[in-house]
Amino acid sequence: MVDLPSPSRAAAPVVRDSAFRVRMRRVRDLTAQILSNPATVIGSVIILAMFAMAIFAPWLTAPNTPDPYQMPRDWAATRMPPGTPGYLLGTTNEGGDVLYGVIWGARMSLQLSLVVVGSVLVIGCIIGSLAGFIGGKLDEILMRIVDVFLSIPELIFALAIAAVLGPSFGNIMFALAMVMWVKYARIMRARVIQIKNSEYIDAARIIGDSKLNIYLRDILPNSFTPVMVQATLDMGNVVLIAATLSFIGLGEAGIAEWGVLVSEGQAGIASGRWWASTFPGLMIFLWGLAFNLVGDGLRDALDPRTESSR
Amino acid sequence: MLDMTNRPSGLANSPATIASVRDLTVHFPSKRGMVHAVDRVSFEIRDGETLGLVGETGCGKSVTGRSFLQLLPIPPGILAQGTVTFHPHARCGACAGTGCDACNSTGRRPAACPSCTGAGCAQCNGSGAETVELLRLPEDRIRRIRGDRIAMIFQDPGKALNPTLTIGDQLSEVFLQHRTEELLDAAGIGPEDRGLAARLLGRLASQRNGSIDNLLLSLPPLRGKRNLLLDALRNNVAAALAETQIANPYQIIDRYPHELSGGMRQRVMIAQALACNPDLLIADEPTTALDVTVQARILELIKDLQKRRQTSVLYISHDLSLVRRICDRVAVMYAGRVVEIGRTDRIFRNPSHPYTRGLLHAVPTAATKRGQLMAIKGTVPELVDPPPSCRFVGRCPHEKALCRSKNPELAQISDEHSVSCFIHDAAGAADAPSFDEKTQ
Amino acid sequence: MQLRDYVIRRLLVLPFLIIGVSMIVFALTRVGGSPIGIYLSHEMTPAQVAEIEARFHLDKSLPVQYFYWARGVLQGDFGWSGVSVAPVAEVFPKKLAATLELSVASGIVAVVMGLWLGTYAGARRNRPADHITRVVAVTGASMPNFWLAILLLIIFWAQLGWMPIGRSTPEIIALVPTRTGLYTIDALLAGNLVAFGDALWHLILPAITLGYGATAIIARMMRSALVEELQLDYVDAARAKGLPERLVLKKHARRNALIPTVTVIGLTFGFLLQGTVSVEIIFRWPGIGKWMADSVLRGDQATLMTYVLFTSIVFLVLNLIVDVIYANLDRRVELGK
Amino acid sequence: MIRMERLTPFAHSGALASAVAALLTLGVAVPAFAQAAGNPGLLVHAADDEPSTLDPAQVEPGEAGETVILQVYERLLEFAPDSPVLVPGLATEVPSRDNGLISEDGLTYTFPIRQGVKFHDGTDLTAHDVKFSWDRVMTMALPEGNAGILSDMVVETAVVDDYTFQVTLKEVSASFLFRAVAAMVASVVSQDAVEANGGVAAGQFSEFMSTNMVGTGPYRFSAWNRGENLQLVRSDSYWGEPAKLDVRIEVGGDPDVRVLGLRAGEYDTIETDPSFIADLEGADGVTIYQEGLLLEPLHIGFNLNIVEGSLPDTDTISADFFHDRRIRQAFNYAFNYDGFINGPLSGFGEPIPHYIPIGIFGYDETAPVYQQDLAKAEALFREAGVWDEGFEVSVITEAGNLFALMSLVMKDSLEKLNPNFRINVLAVAESVFDDAHASDPIPYAMWAKNADPAADPDSFMQDYVHPDGAWGQVHGFRNGYENADQIAELIDAGAIELDIEKRAAIYADLQRLLYEDPMWLIGAQEGVTLAHRTWVQDFQMQPLWPRPSLKFALLGK
């Protein structure tokens, strides 16, 4: 322990009126702290690039008609190596343009991770915070359900669900959401209970705030930190798990999704056709890496115990 | 003025100081610049005295205290300049450690300088006592001083004790590090022995034993000796605990820290610190984390042990009343600097730095009337690349332009009392501040 | 709460959790349709289909089917594996031994490497070694293991020809009597060093692939736990006692940093078990992971159910073990909270 | 030879590997390893699938078990190594009218049984075993097996004497010898072995027979490590030309792993799609065998028997969509045949007429074959009135194989033709597909797969064309054929016409009729392709043998 001088300790006491300002300042500090970590910056840059690629996909490559999420297949130009005119990154076994897959795959991955993480965030937070806040029987029942869900390994569970539903991109999203919400419910519940028992909630209670008010104004806004870190990490993880499911054979045939492309392209690696799965594989790796880097940075920044920025 | 009455015979010019800090400066890099956490701090600790180091959180007193044991957080910290010298003691030659007049019944006296064997030479500044530069001592040598010659008591015994080791395990380590030969002796192994048993037990007695050693030592031929050694160790630990008036020390040995009360834990810390009868004890806010009633008892204990052993103590605290009760002298630190130092009675009777005055006014006493407790206005300044000025600028009720442009040096204002303030040392400046004149 | 009481309470809850899991999985697999597909061929008449349906009680209601299944399980009958064309209970132990050997081997790789890397990096915080370790850790966490498996396979098997695939050389392992089902152990028991070397040689690549991700997780946890521990007072207190840095690290900081890491290690075994699915597919390791993948693709529900049930039980028991070890290591933990 | 040095790295893996290995094996194993290298007597074959059973009575046509059954059991008649010509097997002669072994009425077949043939358990083969084997299949009548092919035709089996076996048919059949006698289901098993191990029970599969084999073939079944390999060893008591190599069939690897393994020399022969074969061209020490065509046309079925509301929600077509001949024709004109053959099939395939594959009796090379003609397709779709509004339809197929690719080609073909056409390719798990494929009526409008191989045109006609045949009923061909009765009559006539020229003429007519009125979209007839190490000698393949179309006994090294 170093007794470093810290002027902020003597800052004006936090009062309710300035909650917004305090929060804004916290966000600002956090951003500054995150940006001071080169790994996090690299991660953020990759994420921005991926998002840009996803958003501007229709302008980067002409969308396939009628379905832009299908690989555009030129059956007369299968297995072209990278650098072939018109096919910068080569073509797949089916004559699909690998570059197209890489770009539109980013769009699919963005869609996948936003939909899955977004929905589990909402479901998990609602269930977890209610269980934690209300407690009692509801908590007991919900947590037993969560326990059961958590005792099935994540990938295996998702695999089973996706397998039962049949290979499609939507089913993979659904399976992932089914599996992942419990984690959020549990994290959220723990956090809510922790906050519920903190002094300032006691204070709010003594002041006579209504339960709903306490829940909405004091507990919820202050409980998101751990789930947000988890969500950031999971933005990467879902793409990884989805790719694994696709690899095992649950992907939708012919779509421009990285996992499917790796799965379909891996066969060619042995024959020297490394490009069809290398590029999409690299994208999966980068995507996961970026969110891991940022998630780690975020965790370090938010968790006062590991002040790794110093 | 140095007190020469305790001067041990045999040394040419025995110092009355056991350690002294000179111009200690420690910086910490931050995003906005260099934080001057400790800024040219100088003071000395006299043999056998208790020096109080007071100041508020973040003033650099802990960093200063830690510098004695090379426990400064470097990196990220940077030791910009300064020295910490230390004169270790050795067993008294006259009485072989049993205690005599020559060593003031402590059984120990300053160790002779190795280069002049006490005659006095350039190495020891003519003092004849061994002089060690603590800040630049190599790892293996500082290690032999830590816990043996200089020990430290930490602020929170709950944090400073390893939660997963028993009290006995943790206390044993001190003996294993510094009393290896005595332990081996108890097991019947002399310093000349070189056999397998001696080697294995030697490793055990200095914490260099591996799992194979443990296995071999648990087998019959070596087991007996090992047990003798472990028994001696256990007795040493229990004796150290008993010193701190812990009841049933043999039971405490097998307990884990969390099973003990805060006061008990601090007693364990003290026992650990005093186990090897150190010459200097750094007590870093040893009672802050404790209940008030326990505080008093721990304080008494430290005082008592200090009296009995004549150990010098650097007592770091933010609590002026505590310091007043226990210390012979007091150094007041503010924002990385010593602003006032002197005999306790003088400082408290005649606080001569505006900051010390402010502090004393901020302490409630029985005489303080309701509403009269004064707070010092403003906040501690940021110590990032500070300009040359008095650090109390901005909070000082008496500040003048001089204070903002120049750095006041610590200067003696009376016997055993030094202050760094232009009120006392204006050096002929025209606009010298004065206690009589309030600026705001 | 007493450790023993806690364990007993947890053990009492265990069956209910297992039943819960089995019901979820059972319901789930049946939602996707009848498992009959695996038993059908293209030329069957409706009467023949009905006959098969009756043979497997598939004409009954869902709860009744679950009852038949659960009764069978209690009697040691896990159903008929359509993929293996044999009773599940008969194939399972053999496949399990293969997976166990692989996951234990990769677990050893991961624990040894992870702890070492984590300690090394944590003790050298913010120095180059630390940064490199963090890169290894974060790539390990982001690298799809099927991807790594393919890359290793191409380099070390197809291109360099240094490493084999599969689990053993059949001609060599045939000489070793099966005792445990773990080829390395069996070979050692038989004193057949050639077979041992062969089994080990086959084990290396898949174990490394599988262990890499787990190594990353463990190293990351170990590093941050160690960094955290090293900031605590007791570390300085240990130094103040005069302990050499080596002992401060080994006896104090690392020991305590291991406590949270042990939790992660326990859960990592579950992670390894999951990872076996794709690694086994690629390295042709005849374990339950590959079996599971085949079953999923071919709709073999009996195998799927058994697998999910088994892994869930492993997960639950591992969690329990981890908690108990944790409580044993860290005396401060209050169980049941 | 088996490349042991590949499996055991010490021989040529370089110093590093050796050093590591030496450490690992404590320095003891190295010399032993070096000695163990090389195993010239073994053929390692990497198979696509693992058998689900080894029992001829239980095995499904085309299933991986047939690969093993072909090697270990024998049948009365066999196909020649490289053509669909029948040669004597356990029977010493191929029955014909000319040699008098087929009765005048064409109903009774007599098979003289080879003498001196021993089963692998040492017992002698007699006509009793043959009768037992045939009767066993028909008694068990396992739904997953192919018993119907015998029981549909056979009235009676009889042992005339120890070495003469006789079969009586229900009605005259031109294809009995090809379809039934040479089929895997008619393999001859040991009566003693079966009876000693559970015997025969109707409707019950035999546990013993599904995992054990006691046959008469050149190979003896030795071991089956599930998920890993099957091992066959040469039979030393074989009556014919003995096999040259022992065989290990590696199962369960991914296609790319097999390709890698072949390149690395770890495998001698591998089963692959044509799409992988192209990758192996030019590979060192690898020879690609590419002759002839598989007798299993790749086709997409049109369902004319759709139950209202049973289709996937996304489908917009009406239940009678495929009743319209013009739509079926339009699909046939729209399909990108060249793309499919040059892409997924890597050029190993041919477009063929409806519905007789090249190489089968009755194939007429002058018969019209569909070519992609987008103008005609558009015209026909316009005529049928679906062009402007468009439609959406799902095609179900197994994931990850040629059928899925064929479906994708169809999807692309139609969607390129008119963006209002949407084809959803449902590439599903094998069991899900099988489930759907085996339902009647099928809850999908289209599905993609291949035909079961057969050596006689009648098999194809009965199964895939006849309005009252297997698929004719399921798919409701009568709802679509312009003249269903005419087609039915022609097929029935062809089935019993023993005059070769007349029979050929019947099938030639049918091919023209079916071109006008197609019930399938035939993507292509897939080429026979197989890759093997160049050191494998005497390589021969047979388009009719079940995959891998290899008789290991013929191969040397």
Side-chain angles (χ1 to χ4, degrees), chain A residues 63-81 91-97 159-172 245-257 259-260 262-274 276-277, chain D residues 254-264 272-273 275-283 312 336-344 346 390 392 395-401 403-405 407-409 411-416 418-433:
Chain A
N64 181 38
T65 49
D67 180 359
Y69 293 105
Q70 275 283 331
M71 288 288 283
R73 283 172 291 266
D74 181 349
W75 293 99
T78 58
R79 301 175 197 141
M80 293 292 166
T91 63
T92 67
N93 244 343
E94 292 90 55
D97 182 2
L159 188 60
I161 297 174
V164 159
L165 298 177
S168 92
F169 191 63
N171 290 344
I172 286 181
L245 297 186
S246 292
F247 169 77
I248 290 168
L250 295 169
E252 188 172 329
I255 59 170
E257 196 253 335
V260 171
V262 174
S263 169
E264 288 174 352
Q266 58 140 332
I269 295 179
S271 319
R273 283 186 287 107
W274 49 273
S277 60
Chain D
D254 272 7
D256 56 318
V257 172
R258 294 199 293 272
V259 171
L260 280 170
L262 184 74
R263 282 173 163 261
T272 53
D273 273 358
S275 54
F276 289 99
I277 293 292
D279 295 335
L280 281 163
E281 267 174 308
N336 182 357
Y337 297 95
D338 290 344
F340 180 54
I341 290 169
N342 293 325
S346 304
E392 185 161 357
V395 53
I396 187 170
T397 175
E398 263 178 67
N401 57 23
F403 316 138
L405 294 178
S407 309
L408 282 177
V409 173
K411 173 189 173 73
D412 289 350
S413 305
L414 277 125
E415 289 181 351
K416 287 267 139 43
N418 180 349
N420 292 334
F421 296 169
R422 294 298 283 272
I423 310 281
N424 300 321
V425 177
L426 307 176
V428 297
E430 186 187 339
S431 72
V432 177
F433 178 79

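By convention in this document, chain letters (A, B, ...) are assigned in the order of the sequence lines, proteins followed by strands, and residues within each chain are numbered from 1.
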Participant: For a 4.5 angstrom cut-off between non-hydrogen side-chain atoms, does A:W75 reach D:P344?
Facilitator: yes
Participant: If I measure from the heavy atoms of chain D, does A:E252 come under 4.5 Å with its side chain, its backbone, both, or neither?
Facilitator: neither
Participant: In Å and rounded to the nearest 0.5 Å, what is the CD1 to CG distance from D:I423 to A:D67?
Facilitator: 12.5 Å
Participant: Highest number of heavy-atom pairs under 4.5 Å with chain A: which of D:S407, D:A404, D:A427?
Facilitator: D:A427
Participant: Grab the two heavy atoms, one from A:R73 and one from D:D412, that are nearest each other, plus how far apart they are.
Facilitator: NE-OD2, 2.6 Å
Participant: Which atom pair, heavy atoms only, marks the closest approach of D:P419 to A:P66?
Facilitator: O-CB, 3.7 Å
Participant: If you count heavy-atom pairs under 4.5 Å between each of D:N342, D:V409, D:L426 and chain A, which one has the most?
Facilitator: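 Of the options given, most contacts go to D:V409.
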Participant: For a 4.5 angstrom cut-off between non-hydrogen side-chain atoms, does D:L408 reach A:M71?
Facilitator: no
Participant: Specify the closest pair of heavy atoms between A:R79 and D:G343, including all atoms of both residues, with the distance to one decimal.
Facilitator: NH2-O, 3.9 Å
Participant: CD/A:Q70 to CD/D:E415 distance, rounded to the nearest 0.5 angstrom?
Facilitator: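 These two atoms lie 7.0 Å from each other.
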